[in-house]
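First comes the structure, then the notes that go with it.
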Amino acid sequence: MNKELKREVDKRRTFGIISHPDAGKTTLTEKLLLYGGAIQMAGSVKSRKAARHATSDWMAMEQERGISVTSSVMKFEYNGYEINLLDTPGHQDFSEDTYRVLTAVDSGLLVIDVAKGVETQTLKLMDVCRLRNTPILTFINKLDREGLDPFAVMADIEERLKIECAPLTWPIGMGSNFKGTWNLYKNELHLFSAVHGGKRQKGDVFKDPNDPRLDEILGEQVHQLREELELLQGAGNPFNLERYRKGEQTPVFFGSAINNFGVQEMLDSFVELAPPPQPRPTTTRDVSPYEDDFSGVVFKIQANMDKNHRDRIAFMRICSGKFTRGMKVKHHRVGKDFTIANATIFMAQDRTGVEEAYPGDIIGIHNHGTIKIGDTFTDKEPLKFVGIPSFSPEHFRRVQLRDPMKRKQLQKGLEQLAEEGAVQLFRPIANSDYILGAVGLLQFDVIVHRLLHEYAVNALYEPVSVTTARWIHSEDKRALDDFSDYYRSDLAIDAEDCLAYLAPNPWKLESAIERFPKIVFSTTREIS
Ligand code: GDP
């Protein structure tokens, strides 16, 4: 095995944050970047978010594109590790991209607001992680505020996210009584003090929970701590690396992102425990990151909104081998050679002129629409990576052209936007409508804007009585025919000619599933 490659792979950690809006993702990201020395970047995360809060106007967001490309991948170095933090957009620009980014990471960091417990968006994002049993580390945030009992938060995670919790730190009080955390595997106390301005913070260290000095510092609360530690020792789940790596157990940390408390402890454990780049499946075999031959897969496309430059950036995760700028690779879907000259290599701010990248790293390739989501590039072997799916949309609109003469443009525009992964396109079998599907509502604003400016299509986007979609398969041709006859008016073909059932409501979907047990209803579809 190539020693240099092995060293580079082993020190990489590529992850995404899973959280519900307002749990503290942005705040925590800033603190993490601070540890990586990318302070400039930390500022830009905040200003990007501030600008976004100020307006939900798409045009304004367009102006932020420059920032949003660079903050899609935040790369930093910490303790000798090369960390790629992939942004999982939330809030208004929550879209299918948010889901798809999670298929390109090796692990996830779950952020939970201690006052709220598990929230809806967290549930959805965890479903995506479960597709690949992605290991998840948990940070329970905002301990400086009153919240739920820590045992209750863990029970909530276990019950609703179906993952066992193994606390590695334990909070002492919360809100105005928050005194700090006890590190369960190092047996150390970290005393809390609120800091402002995001300075690094390390608590005082005590080695024994029975240390009499703790009685003085913690007062009455020391009894509760000792009791809880005993309880955890008896009834808690001991941390098990293997189970974490299989996605069955999540190590849990408590802290306060805004006070930068508990963040470094979590980060120190994260780099040690989280897996380095993992092998990835293709249609023919698993590809190990340690293989010398280069391979990569595209998981996200970002369009440049300037209509004069219809260029796009394809985000490629390197899966094996070493990338060097200007290298020639094969673009397998189109069967052509491709020289990756015009690539953005995402790196920490202070290192410019980087010409190489390794498995786990993300590169951005400029192109004019030749690259699609799911495309595989290698230097020799024809491969096709799998596991970068389309996700069942949750919002739907019917497109009504204002000018019927523009039908061709509409078709072309929608097909291209669907290829890019910006929206999903369904053509009902029973009529000639165009139905758009999206995971987040803002996706429609983007589509309207782009169809108008890039394809000169002026259209109306009407609500339609579809609440969810499922892709349909069956081994049994007869069952498929019967199903198709029965539900003809609710069936559609998507942009890749796959059959989908557009359910008018959840009850109808349930009854369809009951009525046709031989039909498989999928919430995801592999991109071919
Ligand atoms: P995001 O929507 O998940 O990115 O969340 P933000 O990082 O923007 O945080 C949402 C709100 O919670 C902001 O007002 C933050 O200042 C606040 N916040 C974040 N972390 C903490 C914390 O540890 N304690 C308290 N009290 N507030 C926090």
Side-chain angles (χ1 to χ4, degrees), residues 15-35 39 41-56 61 64 67-68 71-72 74 85-95 97-99 101-102 108-126 136-148 150 153 157 169-181 190-201 203 252-267 440 442:
F15 78 109
I17 296 183
I18 301 163
S19 71
H20 190 82
D22 286 335
K25 184 187 78 163
T26 312
T27 312
L28 186 63
T29 300
E30 281 179 17
K31 304 302 176 200
L32 291 175
L33 294 177
L34 201 69
Y35 287 110
I39 296 162
M41 282 292 271
S44 79
V45 176
K46 202 192 247 152
S47 63
R48 176 185 173 219
K49 183 165 172 170
R52 190 169 297 174
H53 261 291
T55 173
S56 59
M61 284 184 57
E64 291 170 36
I67 301 171
S68 85
S71 54
S72 292
M74 289 161 276
L85 169 50
L86 273 52
D87 188 29
T88 43
H91 297 262
Q92 305 100 311
D93 55 349
F94 178 67
S95 71
D97 270 353
T98 313
Y99 288 161
V101 160
L102 291 175
L109 172 60
L110 169 64
V111 180
I112 300 261
D113 181 336
V114 70
K116 305 265 178 66
V118 174
E119 297 175 87
T120 47
Q121 202 147 303
T122 314
L123 277 163
K124 290 186 199 168
L125 296 170
M126 276 296 279
I136 304 290
L137 191 138
T138 300
F139 185 77
I140 298 181
N141 191 25
K142 307 196 187 180
L143 266 291
D144 60 317
R145 287 222 189 128
E146 290 302 328
L148 304 166
V153 180
I157 294 173
T169 66
W170 192 252
I172 304 159
M174 66 173 69
S176 51
N177 290 323
F178 183 48
K179 292 287 184 337
T181 53
H190 291 248
L191 271 184
F192 173 70
S193 69
V195 285
H196 299 285
K199 276 187 286 188
R200 279 181 178 228
Q201 175 158 358
V252 178
F253 293 80
F254 291 84
S256 167
I258 203 153
N259 291 296
N260 202 2
F261 185 79
V263 177
Q264 190 177 7
E265 254 180 313
M266 189 267 298
L267 180 59
L442 184 81

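Not measured: the values here are computed from a predicted model. Reckoned from all heavy atoms, side chains included, excluding hydrogens, waters and symmetry mates. Order of appearance sets the numbers: ligands from 1, and atoms from 1 within every ligand.
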Is any side-chain heavy atom of Asn141 closer than 4.5 Å to one of Leu28?
no

For ligand 1, which atoms, with element, lie under 4.0 Å from some heavy atom of Pro21?
2 (O)

Could you tell me which atoms of ligand 1, counted from 1 in the order shown, lie closer than 4.0 angstrom to a heavy atom of Lys25?
1 (P), 3 (O), 4 (O), 5 (O), 7 (O)

What distance separates Ile136 CD1 from Leu102 CG, expressed to the nearest 0.5 Å?
8.0 Å

Excluding sequence neighbours, so at least two apart, what forms salt bridge (Lys or Arg N to Asp or Glu O under 4.0 Å) with Lys25?
Asp87

Heavy atoms, side chains only, cut-off 4.5 Å: are Phe178 and Ile172 in contact?
no

Numbered atoms and elements of ligand 1 in range of Arg145, under 4.0 angstrom, heavy atoms
26 (N), 27 (N)

Side chains of His20 and Thr120: does their closest heavy-atom pair fall under 4.5 Å?
yes

With sequence neighbours excluded, tell me which residues meet side-chain contact (heavy atoms from CB on, under 4.5 Å) with Ala23.
Ser19, Val111, Asp113

Residue selection (non-hydrogen contact nearest atom 10 (C) of ligand 1) among Thr27, Leu143, Asp22, Asp144:
Asp22

Separation between CZ of Phe139 and CD of Glu265, rounded to the nearest 0.5 Å:
9.5 Å

Ignoring hydrogens and geometry, is there a side-chain-to-backbone donor-acceptor pair from Thr138 to Leu110 under 3.5 Å?
no

Please state whether Asn141 comes within less than 4.0 angstrom of ligand 1, counting heavy atoms only.
yes

Polar contacts were defined as any N/O atom of the residue lying under 3.5 Å from an N/O atom of the ligand; does this apply to Asn259 and ligand 1?
no

Closest to atom 22 (C) of ligand 1 (judged by heavy-atom distance), picking from Asn260, Ile258, Thr29:
Ile258

Against heavy atoms of Ser256, which atoms of ligand 1 measure under 4.0 Å?
22 (C), 23 (O), 24 (N)

Within 4.0 Å of some non-hydrogen atom of Thr26, the atoms of ligand 1 are 1 (P), 4 (O), 7 (O), 8 (O)

May I ask you to check if ligand 1 and Leu28 share an N or O to N or O distance below 3.5 Å?
no

Would Gly24 count as a polar contact of ligand 1, with the cut-off being nitrogen or oxygen pairs under 3.5 Å?
yes

